[in-house]
Amino acid sequence: MRLVCVLSAVCVCVSLLVCVPDVTAQTPTTAPSTYTECTDGYEWDAESQHCKDINECETIADACQGEMKCFNHYGGYLCLPRSASVITAPDPVSQSEGEPGAEGPMEEQQQQQTLPVVGTNEAFNPCPVGYQAQGENCIDVDECELGIHECQPSQQCVNMVGTYSCQCPEGYSKIGLECVDIDECRYRYCQHRCVNLPGSFSCECEAGFQVAPNNRSCVDVNECEMGAPCEQRCYNTYGTFLCRCEQGYDLGPEGYSCQDIDECSYSSYLCQYHCANEPGSFSCECPEGYEILGSRLCQDINECETGAHQCGEGQMCVNVHGSYRCLDNRCLEPYVQVSENRCVCPSTKPECRDLPFSIVQRYMSITSERTVPSDIFQIQATSVYPGALNTFRIRTGDEQGEFYIRQINNISAMLVLGQAVTGPREFVLDLEMVSVNPILNYQTSSSLRLYIYVGPYAF
Ligand SMILES: *[C@@H]1O[C@H](CO)[C@@H](O)[C@H](O)[C@H]1NC(C)=O
Ligand SMILES: *[C@@H]1O[C@H](CO)[C@@H](O)[C@H](O)[C@H]1NC(C)=O
């Protein structure tokens, strides 16, 4: 049972918990015919056989003092300001049964609020529930700050004008009285991986991807720009990256490093003389006296033509494989020089009787390790006498028998290298052509002095 009193200025809702039994009239529960005692504020009415309320405002002189007005009430009375009027409020229980959510806190609040006992003026609140007096005004009570709310620990108390509400934080939903974390991951917000967090969620991406600015999609990471460990070339691909190496390098087994390929180890035929491995490539080198021809071959330098020789004046420069010779092109006694390469033994000199009349000097250079037999030098008679028979032979210089003569016809023969020769070596061969004219009974011979220089290499 409640009373609501209405003041003229502001509406004041007052719960009277003090002097109110919860019945309009008391009914004796046992033996009604003999029951004559009623609780305070009631008297037995024999006519109606009920306990009847006493109107204290009439029976008690000066029930209220001063400016206060007396209001009779079941089982008691109230002293209220003169301007107050009293109406009966409906039962609070039926009111709160309707909608527990929104009005719940208010209801709780109202039921909790304790009013000062009538008659004692201390802390009397003339303001509505949820307000408190401040001077002449009623101001909102911050129930959240004062801790006089009924929100669950999982709920957030939000103060409102005249009341408060219990709300769930963002990312939580209300189930029963509690706020429960929403599992956002159930809604497939994330492109790759979703991690539910209390009140929120976050998206994660697979390796090689990063979360896009929208926080949900995943975009490829360009690892090449982010310091991928490729030693040489880096190629970004969707979700990962690839390392590659320049030509002449092999990718290491771990996929990052580049290791120089030793091309020289592949084949001994890469270079004619010497292969020099270099980072990422190789080069061919030639011995002294040679220059590179193309990329792998070595070619003899003709020092006599390039002017790199050191031969003195009057000396003849002869180029040989890998080097050169400086020769004194003089004829030895009793020979006299008649042209650049020709010495003659004049028949006027008695010493010349048993010597070849003419000696021609020739110089040639061959490489080491020629395949044999190998034609080396062709000899040809310079003056042909009709009917003469010419024979050719090696007079001196072939003590080891490396060479032989193959006659081609009457007037020419070929010097043949018959055994493999390894340089560097020098031969000086005296080749003789004997001309016989049996009809005229005439015999003459001429010699060729052949200097053969065998180079140190097969090129
Ligand atoms: C993504 O998340 C960051 C950090 O949590 C935040 O600052 C930013 O506003 C979010 N961006 C979007 C589009 O939600
Ligand atoms: C070569 O010798 C033959 C005989 O063997 C002879 O008939 C011929 O005339 C000679 N030729 C020359 C050019 O001497």
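Along the sequence shown, residues carry numbers from 1. All ligand and atom numbering here is 1-based and tracks the order in the structure.
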Could you check whether any side-chain heavy atom of Pro287 comes within less than 4.5 Å of a side-chain heavy atom of Tyr457, counting everything from C-beta outward?
yes
Taking the side chain as every heavy atom from C-beta outward, state whether Ser323 and Tyr453 have any atom pair closer than 4.5 Å.
no
Just wondering, do Gln134 and Ile139 contact through their side chains at under 4.5 Å, heavy atoms?
yes
Give the protein residues with at least one non-hydrogen atom closer than 4.0 Å to an atom of ligand 1, ordered by chain and number.
Pro213, Asn214, Asn215
Any side-chain heavy atom of Asn277 sitting closer than 4.5 Å to one from Cys264?
yes
Please state whether the rings of Tyr189 and Tyr187 are parallel, tilted or perpendicular, taking 30° and 60° as the class boundaries.
tilted
So, for Phe209 and His192, is the gap between ring centers shorter than 6.0 Å?
yes
